[in-house]
Each structure stands twice: as C-alpha cells, then as structure tokens.
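All values below were derived from every heavy atom in this structure, side-chain atoms included, with hydrogens, water molecules and symmetry-related copies excluded.
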Amino acid sequence: MAVLVARQGRELQRYTSSGGRIVVGCIPYRARGGGGGELEVLVISSQKGHGMMFPKGGWELDESMDEAARREALEEAGVRGDTEQMLGCWYYKSRRYEKTYEGIMFPLRVTDELLQWPEMSSRKRTWATVQQVMEGCQHGWMREALERLVSRHAMLQSAL
C-alpha cells in the first residue's frame, strides 16, 4: 500500500507581481444517473472544521495548473479524476493576510474516491447538490465558479 503525503511549505509557491499567492483549485463533480443527470459536487470543510469549500491550494513551480488542481483534490478531498477546461480566474482577499490572491478553478470529473487521503484527519468531505453549495459556501468566487460549471453542463446536456 502506498502512503500519500500532502506537500507542505511555500518554497515552490507561485506569487502575483503584488505578492499574493496564485491558488489553483477544482470543483469535483459527478452526474447522477450516469452522464446526463443532475450534478453533485464534492465539498470539503476548512482545516478548522467549518465552512463549505472546494479543494484549492498554491500552484507550485514544478507543476502545471491542472496538475495542481488534481493534487489539491487528492490531498484535501481524497478524490482522483479528469480536469476539464478552466472555469476562470478570480481575485479575492485573503482572510488571513492583507493580500489579494488569484484563484483559478477547474472542473474535475471524479473517477475514484479514496478511503484514505493525506488530509482526512483535518477535513470532512461531503457530496452535495448545487443548491446546497450555493446556500452554504461563504466564498463568492467559488459560487461563481460553480455557476459556470452548472451552465457549461446544461449547455452540453442540451446539445445531446
């Protein structure tokens, strides 16, 4: 059995020209009833145990953006999957530091849910409906990213 360990430290971290972190994340999702059903998304708690958010973290120098998104999903939510076309880029204020961060989000179609993952002792994961996340997520930029995913999914379904 392989042991998975989360990356730590900021030595390889990418920063904006103004000193804010560049953060990459994803919205892990699955469709009920195969590919054509209602979307369910996987949310995680913060490390302090509250809130509803999507996996995200620093984009490091030795990885592509989609590799960073997949790494964060594995470390924080214990899922693997396929990233799709970027949903967009948002700017938000760090709650801990007086910096503006750049947040880049991807959809991640979940293919595998692990029983054990690096941050399982400090985060809870939950499958939720889009409506539950829209009502429970405190991060406006993450709700906007979810709206884009829902719109994209609806367009793809109507084209079938």
*Asks:* Between the side chain of Arg123 and the main-chain N/O of Ser45, is any donor-acceptor distance below 3.5 Å?
*Replies:* yes
*Asks:* Show your reasoning for whether side-chain contact (heavy atoms from CB on, under 4.5 Å) applies to Val79 and Asp112.
*Replies:* CA-CA 6 Å; Val79 292; Asp112 192 22; over 6 Å; no
*Asks:* For Trp117 and Glu75, which I'm curious about, is there any donor-acceptor pair between the side chains at under 3.5 Å?
*Replies:* no
*Asks:* Between Arg109 (side chain) and Gly81 (backbone), is there a donor-acceptor pair under 3.5 Å?
*Replies:* no
*Asks:* Would you find a donor on one side and an acceptor on the other, under 3.5 Å apart, between the side chain of Arg21 and the backbone of Gln13?
*Replies:* no
*Asks:* Measuring from atom CG of Asp82 to atom CG of Asp66, what distance do you get when rounded to the nearest 0.5 angstrom?
*Replies:* 10.5 Å
*Asks:* Any side-chain donor paired with an acceptor under 3.5 Å for Trp127 and Glu113?
*Replies:* yes
*Asks:* According to the interplanar angle, ranging from 0 to 90°, do the rings of Trp141 and Trp90 count as parallel (below 30°), tilted (30 to 60°) or perpendicular (above 60°)?
*Replies:* tilted
*Asks:* So how far is it from Gln85 CD to Thr83 OG1, rounded to the nearest 0.5 Å?
*Replies:* 11.0 Å
*Asks:* Might you point out which heavy atoms bring Met86 and Arg152 nearest each other, and give the distance in Å?
*Replies:* O-NH2, 3.0 Å
*Asks:* Is the side chain of Arg125 donor-acceptor paired with the backbone N or O of Gly78 at a distance under 3.5 Å, no angle test?
*Replies:* yes
*Asks:* Output the distance between atom CD (Gln138) and atom OG (Ser46), rounded to the nearest 0.5 Å.
*Replies:* 8.5 Å
*Asks:* Minimum heavy-atom separation for Thr129 to Val41, with atom names?
*Replies:* O-CG2, 4.5 Å
*Asks:* Per the side chain to side chain contact (heavy atoms under 4.5 Å, CB included) rule, which among Glu76, Met105, Arg71 passes with Pro55?
*Replies:* Glu76
*Asks:* Measure the shortest side-chain to side-chain distance between His139 and Met53 over non-hydrogen atoms and say whether it is less than 4.5 angstrom.
*Replies:* yes
*Asks:* Considering non-hydrogen atoms only, spot the tightest contact between Phe54 and Pro28 and give its length.
*Replies:* CD2-CD, 4.2 Å
*Asks:* Using a 4.5 Å cut-off on heavy atoms from C-beta on, say whether the side chain of Ile27 contacts that of Leu108.
*Replies:* no
*Asks:* Membership question, hydrophobic clusters at under 4.5 Å side-chain separation (ILVMFWY): are Tyr91 and Ile104 in the same one?
*Replies:* no
*Asks:* Is there a path of hydrophobic side-chain contacts, each under 4.5 Å between heavy atoms of I, L, V, M, F, W or Y residues, that connects Val110 with Val43?
*Replies:* no
*Asks:* Once rounded to the nearest 0.5 Å, what's the spacing between atom CG of Leu74 and atom CG of Leu114?
*Replies:* 6.0 Å
*Asks:* Within the distance-only criterion (no hydrogens, no angle test), does the side chain of Thr16 pair as donor or acceptor with the backbone N or O of Gly20 below 3.5 angstrom?
*Replies:* yes
*Asks:* Any side-chain heavy atom of Thr126 sitting closer than 4.5 Å to one from Leu42?
*Replies:* no
*Asks:* Would a hydrophobic clustering, with Ile, Leu, Val, Met, Phe, Trp and Tyr connected at side-chain separations under 4.5 Å, put Tyr101 with Leu87?
*Replies:* yes
*Asks:* Considering only heavy atoms from C-beta outward, does the side chain of Ser64 approach that of Glu67 to under 4.5 Å?
*Replies:* yes
*Asks:* Check the hydrophobic clustering (I, L, V, M, F, W, Y; side-chain heavy atoms under 4.5 Å; chains of links allowed) and say if Val130 and Met142 are grouped together.
*Replies:* yes
*Asks:* In this structure, would Ile44 and Tyr92 fall into the same cluster of hydrophobic residues linked by side-chain contacts under 4.5 Å?
*Replies:* yes
*Asks:* Take Val23 and Trp59 through the test side-chain contact (heavy atoms from CB on, under 4.5 Å) and record every step on the way to the result.
*Replies:* CA-CA 6 Å; Val23 171; Trp59 177 25; over 6 Å; no
*Asks:* Say whether Glu102 and Tyr15, considering side chains only, have a donor N or O and an acceptor N or O under 3.5 Å apart.
*Replies:* no
*Asks:* What do the steps show when you test Glu72 against Val24 for side-chain contact (heavy atoms from CB on, under 4.5 Å), and what is the final call?
*Replies:* CA-CA 8 Å; Glu72 291 297 335; Val24 177; over 6 Å; no
*Asks:* Once you round to the nearest 0.5 Å, how far does SG of Cys137 lie from CE of Met52?
*Replies:* 8.0 Å
*Asks:* From Arg70 CZ over to Cys26 SG, what is the distance, rounded to the nearest 0.5 angstrom?
*Replies:* 10.0 Å
*Asks:* Any chance you could lay out the salt bridge (Lys or Arg N to Asp or Glu O under 4.0 Å) test for Glu40 and Arg30, step after step, and finish with the verdict?
*Replies:* CA-CA 5 Å; Glu40 289 182 304; Arg30 65 185 180 194; 2.8 Å; yes
*Asks:* For Tyr29 and Leu149: C-alpha separation, side-chain torsions, deciding distance, then whether side-chain contact (heavy atoms from CB on, under 4.5 Å) applies.
*Replies:* CA-CA 9 Å; Tyr29 79 92; Leu149 174 59; 4.2 Å; yes
*Asks:* Is a side-chain donor or acceptor of Glu135 paired with a backbone partner of Gln132 at a separation under 3.5 angstrom?
*Replies:* no
